[in-house]
Structure formats: C-alpha cells, structure tokens
Amino acid sequence: MNIVDEHTREALAMRVGRSCDADTVVSVIEHLVAERGAPEHLRMDNGPELEEFTSLLEAQVLAEAWRIEYNTYRPHSSLGGLTPAEYAERWTINN
C-alpha cells in the first residue's frame, strides 16, 4: 500500500505485505492523521502494480529505501525543481 500526498508529492507511507486488508489501511491512515492532520479528500487507486521479490523482507527494505530516495533526492518539475520534502517544508513554513 502506497500513500502519496498529491499536493506535495511526498510518499507518506509504504506498507509491504502479502495482503492488505481494510484494518491495515485504516490503521495507516489513522497514524498519518495523528501525525499530519486529516486530509480534505482521499483518492483510492486499486491498481495491480506488483513486482517480484525474493522475500517479504526484501520488498519491505527496498520499498522504504525507495520512499526515502523519492522524498529527499528526486526533484519534480511540478514542484519547481524541489524534492517533495523540500516543497512540503517550504509550504508548511509559509502556511
């Protein structure tokens, strides 16, 4: 399960498991609401994006490493050349 803030483009959470039930989704969203506040809107995409990994642990480690790289090292043209983390920090300070 991937949760992305479409405004800042931040990858907020990535949960890797053999399945993802409603209780898991609710738990992750509740944690994010407690940490960042409630969003005005949620959009769901139940896409079939899957890749093959040798183990669940490998998938978890690689997904978290990708999330950190995506947020802190990959600038986006839609964010004025800033990374999602830089954009979110500036937006938070100015609002």
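No hydrogens, no waters, no symmetry mates; every other heavy atom, side chains included, goes into these values.
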**Prompt:** What pairs with Glu10 under side-chain hydrogen bond (donor to acceptor under 3.5 Å, both in side chains), at least two apart in sequence or on another chain?
**Reply:** Thr8, Arg36
**Message:** Within this structure, what is the CZ-SG distance for the pair Arg15 and Cys20, rounded to the nearest 0.5 Å?
**Reply:** 10.0 Å
**Complete:** Heavy-atom closest pair (Pro75 atom, Gly81 atom, distance to 0.1 Å) is CB-O, 3.1 Å
**Prompt:** Can you find a heavy atom in the side chain of Phe53 that is under 4.5 Å from one in the side chain of Leu62?
**Reply:** yes
**Complete:** Apart from Val25 itself, its cluster of hydrophobic side chains linked below 4.5 Å comprises Met1, Ile3, Leu12, Val28, Ile29, Leu32, Val33, Leu42, Met44
**Distance (rounded to the nearest 0.5 Å) between Leu82 CG and Tyr87 OH** = 8.5 Å
**Message:** Run the side-chain hydrogen bond (donor to acceptor under 3.5 Å, both in side chains) test against Trp91 and tell me which residues pass, sequence neighbours left out.
**Reply:** His7
**Request:** Could you tell me which residues satisfy side-chain hydrogen bond (donor to acceptor under 3.5 Å, both in side chains) with Thr92, sequence neighbours excluded, listed by chain and number?
**Result:** none
**Message:** Restricting to ring-ring contact (aromatic ring centres under 6.0 Å, His included), what partner residues turn up for His76, sequence neighbours left out?
**Reply:** Tyr70
**Request:** Kindly write out the residues that satisfy side-chain hydrogen bond (donor to acceptor under 3.5 Å, both in side chains) with Asp21, not counting sequence neighbours, or none if the list is empty.
**Result:** Thr24
**Complete:** Residues passing the side chain to side chain contact (heavy atoms under 4.5 Å, CB included) test with Ser55, sequence neighbours excluded, are Leu57, Glu58
**Asked** Thr72: what forms a side chain to side chain contact (heavy atoms under 4.5 Å, CB included) with it, not counting sequence neighbours?
**Response** Ile68, Ala85
**Item:** All pairs passing salt bridge (charged side-chain N to carboxylate O under 4.0 Å, His left out) where residues 69-88 contributes a residue, at least two apart
**Value:** none
**Pairing residues for Arg43 by the salt bridge (charged side-chain N to carboxylate O under 4.0 Å, His left out) criterion, not counting sequence neighbours** = Glu6
**Asked** Should side-chain heavy atoms under 4.5 Å link Ile, Leu, Val, Met, Phe, Trp and Tyr, which residues sit in the same cluster as Leu56?
**Response** Val16
**salt bridge (charged side-chain N to carboxylate O under 4.0 Å, His left out) against Glu64, all qualifying residues, sequence neighbours excluded** = Arg67
